[in-house]
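In this text, all values refer to a predicted model and were calculated from it rather than measured experimentally. So you know, we letter chains A, B, ... as the sequences are listed, proteins then strands, and number each from 1.
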Number of protein chains: 2
Amino acid sequence: MSEPQLLEVRSFADEPCLRADAARNRAKLLEAAARLIAEHGVAGVTMEAVAAAAQVGKGTVFRRFGDRTGLLMALLDHSAQTLQADFLGGPPPLGPGAPPVERLRAFGVAVLYRHAEQLDLQLAAQPEPTRRFAHSALQALRTHVMVLLRQILPDADCELLSQTLMAYLDPALIHHLTRQCGMPMERLEAGWIDLVDRVTGTQLPR
Amino acid sequence: MSEPQLLEVRSFADEPCLRADAARNRAKLLEAAARLIAEHGVAGVTMEAVAAAAQVGKGTVFRRFGDRTGLLMALLDHSAQTLQADFLGGPPPLGPGAPPVERLRAFGVAVLYRHAEQLDLQLAAQPEPTRRFAHSALQALRTHVMVLLRQILPDADCELLSQTLMAYLDPALIHHLTRQCGMPMERLEAGWIDLVDRVTGTQLPR
DNA sequence: TTACGATCCGGACCGAGGTCCGTTTAAAAG
DNA sequence: CTTTTAAACGGACCTCGGTCCGGATCGTAA
């Protein structure tokens, strides 16, 4: 069994090798949080409730995860790393091997459905506006988009364009369009393809 | 003196004719909030502080504005209506008269700078993720973009495209790019023009 | 094994948003 | 001018995120 991915896919969070008890509590807390979500939904994930469910002091939760957002992000971390591994080292069209435009299309669709599956958690994990774009999970995704874009449009402002593309995949937007406007996911998916084509100038002949 | 705009530009908020005392208190509260911002920044705008500064009970603030976001939005309301009047009935290229693509370009630039001016307040007024896209102030802007887009691209999914374009103008994104990444506004402005051109296929000959 | 310092733990404490309900008051009806 | 009622008022109260610090624990080095 060799490592499935050779590329650096480490977690964004801090892990300077926790003390034994700290690591144990961390695991207990994540498990407790997951259980609370399963039982009472994301709204039931109160810092005190998590602490109680994990039989741990409240302060412990905050020291480990910083704040509520941090805890929720940690719950999403595993899935985030899986996705990252997929588009960094997995099979095409997501992974390397396919032409950049196709990778971009596949990437968006993958993120779209991943976010849709975890919508409630993704929404709750959304940090306050000032930090929304600073979070490393998002940064990683955006950087990947930017790299792909640069291969397609070497002369464009790919930093800005990548922000625009990522904005389309914002969980809050997905929530609004699917749950408040009633759009089916297929339409969002088509919208992504269309957007990629327009931005990259890969317009299908009309 | 005739009404400057004939189009419906009424506030999005509730105003089923308040009772005299209610209207008076509403004004006192807005004034107090503005003063608090001037003195202690947006962070100083605490619901209790506003209530106290306006010599009013805390419950009054909540009944009038619903929540903190509502109060902050109300502070932005006047500027929002001005902008709306400008692009609905003002002079070109923002208002009617110019070709749709130019109106779109002008619109984005106008919103960009308006948001940049009021960044702190805009950020603080940002509602929780589930309501971010539902708010009527945003809806009004997006609808306008959509109308313009439809004139340019009658066969495209303008609802989705307009969301994408609006996302570029998100105050949180502007904050990130200018204050955290250090980009000058000129670059964001150029980015908007570029984005509009790509999306509408109005690519300048390269 | 013991001693020690860094790290972690726990839960009291605080501030702020939001709710509730008994009381007051504007303003329309008689 | 009185009555009446829907609306507005006020502030006590609750919840929850986040902070703090004295005390317990782990890991290490002697």
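From Thr164(A), atom OG1 reaches atom CZ of Arg198(B) across 10.0 Å, with rounding to the nearest 0.5 Å.
Among the nucleotides dT25(D), dG10(D), dG10(C), the one closest to the side chain of Asp21(A) is dT25(D).
Crowding of Gln55(B) atom CD: a count of heavy atoms from other residues, nucleotides or ligands under 6.0 Å not exceeding 12. Taking a 6.0 Å sphere around CZ of Arg131(B), one finds it holds 12 or fewer heavy atoms contributed by other residues, nucleotides or ligands.
A salt bridge does not link Arg26(A) to Glu31(A): none of the charged side-chain nitrogens sits closer than 4.0 Å to a carboxylate oxygen. A salt bridge links Asp120(A) with Arg179(A): the closest approach of a Lys/Arg side-chain nitrogen to an acidic carboxylate oxygen falls below 4.0 angstrom.
Between Val56(A) and Thr69(B), the residue whose closest nucleotide on DNA chain C is further toward the 5' end is Val56(A). Both Ala23(B) and Met47(A) sit near DNA chain D, but only Ala23(B) has its closest nucleotide nearer the 5' end. DNA chain C is contacted by both Lys58(A) and Ala20(B); Lys58(A) maps to the nucleotide lying nearer its 5′ end (nearest heavy atom per residue).
As a whole-Å value, the separation of Leu18(B) CG from dA6(D) P is 18 Å. Straight-line distance from the CD atom of Glu128(B) to the P atom of dG17(C): 15 Å, rounded to whole Å. Atom P of nucleotide dG17(C) and atom CD of Glu48(B) are separated by 8 Å, given to the nearest angstrom. As a whole-Å value, the separation of Asp67(A) CG from dC16(D) P is 17 Å. With rounding to whole Å, Arg68(A) atom CZ is found 15 Å from dG17(C) atom C1'. Per the geometry, CZ belonging to Arg24(B) stands 15 Å off C1' belonging to dG10(D), to the nearest Å. If you measure from atom CZ of Phe62(B) to atom P of dC21(C), you get 17 Å, rounded to the nearest angstrom. The CG-P distance, from Leu29(A) to dG17(D), rounds to 14 Å in whole Å.
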Quick test: give all pairs of protein nitrogen or oxygen and nucleotides 1-3 of chain C nitrogen or oxygen below 3.5 Å, distance rounded to 0.1 Å.
none

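Close to dT15(D), at under 4.0 Å from its OP1 or OP2, lies no side-chain N or O of Thr46(A). Not one side-chain nitrogen or oxygen of Asn25(B) sits closer than 4.0 Å to the OP1 or OP2 atom of dA8(D). Contact annotation: Arg63(A) does not reach the phosphate of dT7(C) (side-chain N/O to OP1 or OP2, under 4.0 Å). Not one side-chain nitrogen or oxygen of Arg26(A) sits closer than 4.0 Å to the OP1 or OP2 atom of dC8(C). Residue Thr60(A) has no polar side-chain atom (N or O) positioned under 4.0 Å from OP1 or OP2 of dC8(C).
Phe107(A) and Phe87(A) have perpendicular rings, their planes meeting at more than 60° on a 0 to 90° scale where under 30° would count as parallel.
For Thr130(A) and Glu128(A), the side-chain atoms include at least one donor-acceptor pair closer than 3.5 Å.
Two residues are said to be in side-chain contact when any heavy atoms from C-beta on lie closer than 4.5 Å; Gln122(A) and Arg114(A) meet this criterion.
The base of dA7(D) sits with one of its N or O atoms less than 3.5 Å from a complementary donor or acceptor on the side chain of Arg19(B).
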